[in-house]
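What follows is one structure encoded as structure tokens, with my remarks underneath.
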Protein chains: 2
Amino acid sequence: MKFEKILVAEDQEMANISLRRTLEEYQLPAPHYAYYCEHALTALKIALKDEQPFDLLVTDLYFQEDGSGKQLPDAKALIKAAKALQPDLKVLVFSGEGKAAIIRSLYDDYHIDGFVRKARGDAQELKSALECIAKNQRYYGREFRSLAAQENQHTFTDYDRTIIRLLAEGHPQKDIPAWLEDHQIQPSGLSTIEKRLNLIKGAMHFTKNEQLIAFCKDIGIL
Amino acid sequence: MKFEKILVAEDQEMANISLRRTLEEYQLPAPHYAYYCEHALTALKIALKDEQPFDLLVTDLYFQEDGSGKQLPDAKALIKAAKALQPDLKVLVFSGEGKAAIIRSLYDDYHIDGFVRKARGDAQELKSALECIAKNQRYYGREFRSLAAQENQHTFTDYDRTIIRLLAEGHPQKDIPAWLEDHQIQPSGLSTIEKRLNLIKGAMHFTKNEQLIAFCKDIGIL
DNA sequence: AGTGAGCTTACGGGAAACCGTAAAAAACAC
DNA sequence: GTGTTTTTTACGGTTTCCCGTAAGCTCACT
């Protein structure tokens, strides 16, 4: 899938160099811009009516208030309205927001497809996010992961760390049960180990052991 | 396999707390000690003659000279003589030596089964080494790996880093060819990727991708 | 052009990992 | 004690990975 029509909702007209450059690099069609929440929603409606709907909305979270009749206080309302209007619309939030609970809520309650924080390295992350979303997958990026760590969405037990360490040392996981028995660590069944790893990876939205190792190195538990 | 009879060659009588403690922890039989190279060799010979041979020699590299007729200048000679005498004897070198070329030579020319450097964390490493050797595998530990990095035994190309990064991000390696094509990176064949990974892992004595990821995180190329 | 060396790729068999299901065991409540 | 829930383990089918072999391609040199 390739994005055909992109809408960028962003009130800082001069900002977002990362965003523009990234879109250009990808040779994506020039996006349409909206500088107010309401305008963004209107643009979506018109496009849909004309049967040339947008397929991606990139939006900031907060907009300056402009005194006018504000039907839409912030981007959350925009996202909710947009998704109601056009359920298949992909939504990527690109914002400076860093609070864990808010980002989590965006994923859980507003069903956004990705969140990238405006910060150092955001261009690189935008790339990954766009690729991911283009493949119809939600993008769980750096922010999401670090907040996962903060929130202790998964707290690593000694048992977890042992298993992960063994993997990082190159033990095939089929050999781990024997090792655990040798060291009188329970439980030692292969199924249990697999289940545990799945639990951890699932909580983190990881799919592969390699990811898990990298993550554990990053947060320093290995 | 479990070690039945251990010989420790070490001239610093009071040193090696790590060593003793580790051996105790493992509930291994109390080792025999030799304080001179010559004594160590003699002990090996006698044990062999009595048909109760040692199965593990743990030795330092350098011994103080004692003026007497020194048939064996250092542990290298001891190792060579010992291996000639009893080829199945396992040899673990435990020394403060840090020079890359020397350690490499021990592995390559003297066929030692493991090297652990006297340093912070050596107790932990001794454990791993003992386990590894008990399984009839050579132990390639921290030292060996870092010297591999120093020596640039393998220099990571951009291509290598790309592949490894993709793995660390959770891409199944079967999907990597497609990704590389999308990004116009050549070569993109799955076989080539596998071959490349094998080359890297081989040079590093790694067996699993998880190890490679951990290593790359450690030396900071990820 | 022809040929050989080196790099790239395709293919196929076997091992390991993945994943769902269900049995066995342990922990707990009553 | 019995019954229930939770944890642990075993099993089987599918996918992915691993690894050796061989075929295809590129490039340089004659």
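So you know, we letter chains A, B, ... as the sequences are listed, proteins then strands, and number each from 1. Since this is a predicted model, take the numbers as computed values, not measurements.
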Between atom [atom1] in [X] and atom [atom2] in [N], what is the gap in whole Å?
X	N	atom1	atom2	answer
Lys174(B)	dT9(C)	NZ	P	18 Å
Gln173(A)	dC19(C)	CD	P	10 Å
Gln211(A)	dA17(C)	CD	C1'	16 Å
Glu210(B)	dA16(C)	CD	C1'	11 Å
Leu167(B)	dT16(D)	CG	C1'	13 Å
Asn209(A)	dC18(D)	CG	P	11 Å

Tell me the bend of the helix from dA1(C)-dT30(D) to dC30(C)-dG1(D) as the angle between end helix axes, each from five pairs, rounded to the nearest 10 degrees.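 That helix has its two terminal axes inclined by roughly 20°.
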
Closer than 4.0 angstrom, basic N to acidic O: yes or no for [X] and [Y]?
X	Y	answer
Asp109(A)	Lys76(A)	no
Asp158(A)	Arg165(A)	no
Lys127(B)	Glu169(A)	no
Arg142(B)	Asp122(B)	no

[X] side, atom [atom1]; [Y] side, atom [atom2] - distance, nearest 0.5 Å:
X	Y	atom1	atom2	result
Leu197(A)	Thr192(A)	CG	OG1	11.0 Å
Cys132(A)	Tyr140(A)	SG	OH	9.0 Å
His183(B)	Leu166(B)	NE2	CG	8.5 Å
Lys208(A)	His171(B)	NZ	NE2	11.5 Å
Met204(B)	Gln211(B)	CE	CD	10.5 Å

Look at the side chain of Arg196(A) and the backbone N and O of Ile163(A), then say whether any donor-acceptor pair between them is shorter than 3.5 Å.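 Judged by distance alone, no pair lies under 3.5 Å.
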
Phe215(A) backbone acceptor or donor facing Asp218(A) side chain under 3.5 Å: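 Not a single qualifying donor-acceptor pair exists.
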
Mind running a 4.0 Å heavy-atom check of residues 175-183 of chain A against DNA chain D and sending the residues that fall below it, in number order?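 Close to the strand, none.
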
At a heavy-atom distance below 4.0 Å, what parts of residues 184-200 of chain A sit against DNA chain D?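 Correct list: Pro187(A), Ser188(A), Gly189(A), Ser191(A), Thr192(A), Lys195(A).
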
Lys208(A) side chain near dC17(D) phosphate (N/O to OP1/OP2, under 4.0 Å):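 Yes, within the criterion.
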
